[in-house]
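Okay, so here's the structure we're looking at.
Convention: sequence-line order gives letters A, B, ...; per-chain numbering from 1. Predicted, not measured: the structure shown is a model, and the values here were computed from it.
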Number of protein chains: 2
Amino acid sequence: MTYSISEVAKKLNLTAYTLRYYDKEGLMPFVERTPNGTRLFKETDIDALKIIECLKSTGMPIKEIKRFIDWCSDGDSTLQERYDMFLERKTAVKAQLEELNKTMELIDHKCNYYKTALDAGTEDIHRNNKIGTFN
Amino acid sequence: MTYSISEVAKKLNLTAYTLRYYDKEGLMPFVERTPNGTRLFKETDIDALKIIECLKSTGMPIKEIKRFIDWCSDGDSTLQERYDMFLERKTAVKAQLEELNKTMELIDHKCNYYKTALDAGTEDIHRNNKIGTFN
DNA sequence: CCTTGACTTAGAGTTAACTATAGGGTCTAT
DNA sequence: ATAGACCCTATAGTTAACTCTAAGTCAAGG
């Protein structure tokens with residue numbers, strides 16, 4: 001079973017433009033073509049794209065993802081680099097989770113602040129522990 | 001106690017360029033100036049900037065943050081809008097946390113994959129449950 | 001046979017968020 | 001009083017990641 005570029009785009013919630021852009025940037029050297037040049041995506045290609053999306057979601061720039069893709073092409077000699085890369089990603093994601101949890105706390109506070117103000121009809125209810133004009 | 005733009009930049013891990021850019025975009029209408037135009041940041045201004053940074057960290061674009069700042073200037077008539085905004089942010093952050101947790105799981109899998117491969121000296125150890133050429 | 005629709009490339013354009021430069025003002029310390 | 005270290009504005013440049021257009025190829029249906 002193979003898929004066209006627009007089918008894959010739909011599956012991954014991307015556009016065909018974006019997939020071609022990724023290809024141009026060297027993120028998909030594995031995708032095969034029909035004799036006349038049309039891209040044919042295999043299931044494994046889609047799985048690989050999901051990993052790419054995963055790396056992207058950690059904030060990894062496309063150029064670094066390409067470096068990883070290149071390492072994959074290079075075989076066993078780059079196992080250490082790839083392992084290190086994922087360890088580094090793990091650290092990054094852990095930090096992001098911590099950051100996001102702090103953010104969530106602040107947002108919860110703001111929700112309470114505004115709920116109370118809204119019930120009172122005025123922000124003046126927080127007069128004594130307001131930050132300033134902006135809250 | 002007031003602070004100069006570069007002191008604030010250092011405190012918030014931003015550059016003075018960035019702070020001036022935020023100001024130009026209307027994110028800091030509350031910052032006062034000396035007679036000759038130099039910005040003077042109060043503690044409460046720094047607290048407000050922290051909220052701005054918090055919103056930014058949820059992926060909120062600067063133009064939407066400005067909308068919130070404008071609402072704050074408008075007073076009690078915009079309490080509902082501001083409450084709704086924070087509820088929406090809360091939903092967004094919750095989704096981001098879920099996404100990031102899934103990402104973390106995948107990355108953990110990859111770490112194990114590469115640890116095993118590295119110990120074996122070859123990726124072939126995963127021959128039977130490999131995705132494709134890229135893993 | 002010819003139109004329609006999906007594919008192709010090359011390259012231009014867009015957007016957000018900075019980031020830097022030029023040119024000028026002001027304050028402080030020698 | 002002049003050098004150095006700040007500050008200011010206006011405006012230009014950069015970067016990443018798309019996003020789109022133009023011009024063309026190809027296969028299927030009427």
Side-chain angles (χ1 to χ4, degrees), chain A residues 1-42 45-46 49-70 89 92 96 99, chain B residues 1-42 45-46 49-70 89 92 96 99:
Chain A
M1 189 61 185
T2 60
Y3 305 89
S4 74
I5 196 164
S6 56
E7 286 168 332
V8 176
K10 193 170 291 178
K11 261 180 195 288
L12 300 179
N13 257 305
L14 297 169
T15 68
Y17 294 145
T18 304
L19 286 171
R20 289 197 197 97
Y21 165 68
Y22 287 175
D23 199 5
K24 199 159 32 172
E25 293 299 307
L27 262 43
M28 309 158 27
F30 42 77
V31 175
E32 288 175 15
R33 308 278 189 127
T34 64
N36 68 71
T38 298
R39 272 168 276 247
L40 274 186
F41 293 79
K42 300 178 291 296
D45 296 345
I46 293 172
L49 278 167
K50 282 180 187 162
I51 297 173
I52 288 171
E53 284 305 289
C54 162
L55 291 174
K56 257 206 337 152
S57 80
T58 71
M60 199 171 185
I62 283 172
K63 283 190 182 174
E64 272 183 58
I65 299 178
K66 180 184 165 21
R67 204 157 44 119
F68 166 66
I69 298 290
D70 290 344
R89 277 304 94 195
Q96 284 168 33
E99 177 69 25
Chain B
M1 189 61 186
T2 60
Y3 304 89
S4 74
I5 196 164
S6 57
E7 286 169 333
V8 175
K10 193 170 289 177
K11 262 180 194 289
L12 300 178
N13 255 305
L14 298 168
T15 67
Y17 293 145
T18 305
L19 286 172
R20 289 196 198 99
Y21 166 69
Y22 287 176
D23 199 6
K24 198 161 33 173
E25 294 299 306
L27 262 45
M28 309 159 26
F30 43 77
V31 175
E32 290 176 12
R33 306 278 188 128
T34 63
N36 68 71
T38 298
R39 272 168 277 247
L40 274 186
F41 293 80
K42 301 178 290 296
D45 296 345
I46 292 171
L49 279 167
K50 281 180 189 164
I51 297 173
I52 289 173
E53 284 305 288
C54 163
L55 291 173
K56 258 205 337 151
S57 82
T58 71
M60 199 173 186
I62 281 172
K63 284 189 181 172
E64 273 183 57
I65 299 179
K66 180 185 166 22
R67 204 157 44 119
F68 165 67
I69 297 289
D70 290 345
R89 276 305 93 193
Q96 284 169 31
E99 177 70 25

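- Within the 4.0 Å cut-off from OP1 or OP2 of C:dT9, at least one side-chain nitrogen or oxygen of A:Arg33 is found.
- The distance between atom NZ of B:Lys10 and atom P of D:dC7, rounded to the nearest whole Å, is 10 Å.
- Side-chain contact of A:Tyr22 with A:Lys66: a donor-acceptor pair under 3.5 Å is absent, judged by distance alone.
- Closest contact between the side chain of B:Tyr22 and the listed nucleotides D:dC8, C:dC18, C:dT9 involves C:dC18.
- With C:dT8, D:dA16, C:dT19 as the candidates, the nucleotide lying closest to the side chain of B:Tyr21 is C:dT19.
- Of the candidate nucleotides D:dC7, C:dT9, C:dC7, C:dC7 has the atom nearest to the side chain of A:Ser6.
- As rounded to whole Å, 13 Å separates atom P of C:dA17 from atom CD1 of B:Ile52.
- Taking side-chain N and O atoms only, A:Lys66 has no distance below 4.0 Å to OP1 or OP2 of D:dA17.
- A donor-acceptor contact shorter than 3.5 Å is absent between the side chain of A:Arg39 and the backbone of A:Glu32.
- Comparing B:Lys24 and B:Ile5, the nucleotide of DNA chain D nearest to each residue sits closer to the 5' end for B:Ile5.
- The separation between A:Lys63 atom NZ and D:dT15 atom P is 9 Å, rounded to whole Å.
- Along DNA chain D, the nucleotide closest to A:Tyr17 and the one closest to B:Asn36 are compared, and the more 5′ of them pairs with B:Asn36.
- No side-chain donor-acceptor contact under 3.5 Å links B:Glu64 to the backbone of B:Pro61.
- Atom C1' of nucleotide C:dT9 and atom CG of A:Asp23 are separated by 11 Å, given to the nearest angstrom.
- Across all strands shown, A:Arg39 has heavy atoms under 4.0 Å from sugar-phosphate atoms exclusively, and none from any base.
- C:dT9 atom C1' lies 16 Å from atom CG of A:Leu19, rounded to whole Å.
- As rounded to whole Å, 12 Å separates atom P of D:dA17 from atom CD of A:Glu53.
- Ion pair B:Asp45/B:Lys42 flagged as a salt bridge, since at least one NZ, NE, NH1 or NH2 atom sits closer than 4.0 Å to an Asp/Glu carboxylate oxygen.
- Checking C:dT8, D:dC7, C:dT19 against every side-chain atom of B:Thr18, the shortest atom distance belongs to C:dT19.
- Backbone-only engagement by B:Ser4 is indicated by non-hydrogen atom pairs under 4.0 Å involving sugar-phosphate atoms exclusively.
- B:Lys56 places its NZ atom 15 Å from the P atom of C:dA16, with the value rounded to the nearest Å.
- Rounding to whole angstrom units, OH of residue B:Tyr3 and P of D:dC6 are separated by 18 Å.
- A donor atom on one side chain and an acceptor atom on the other are not found under 3.5 Å apart for A:Lys10 and A:Tyr3.
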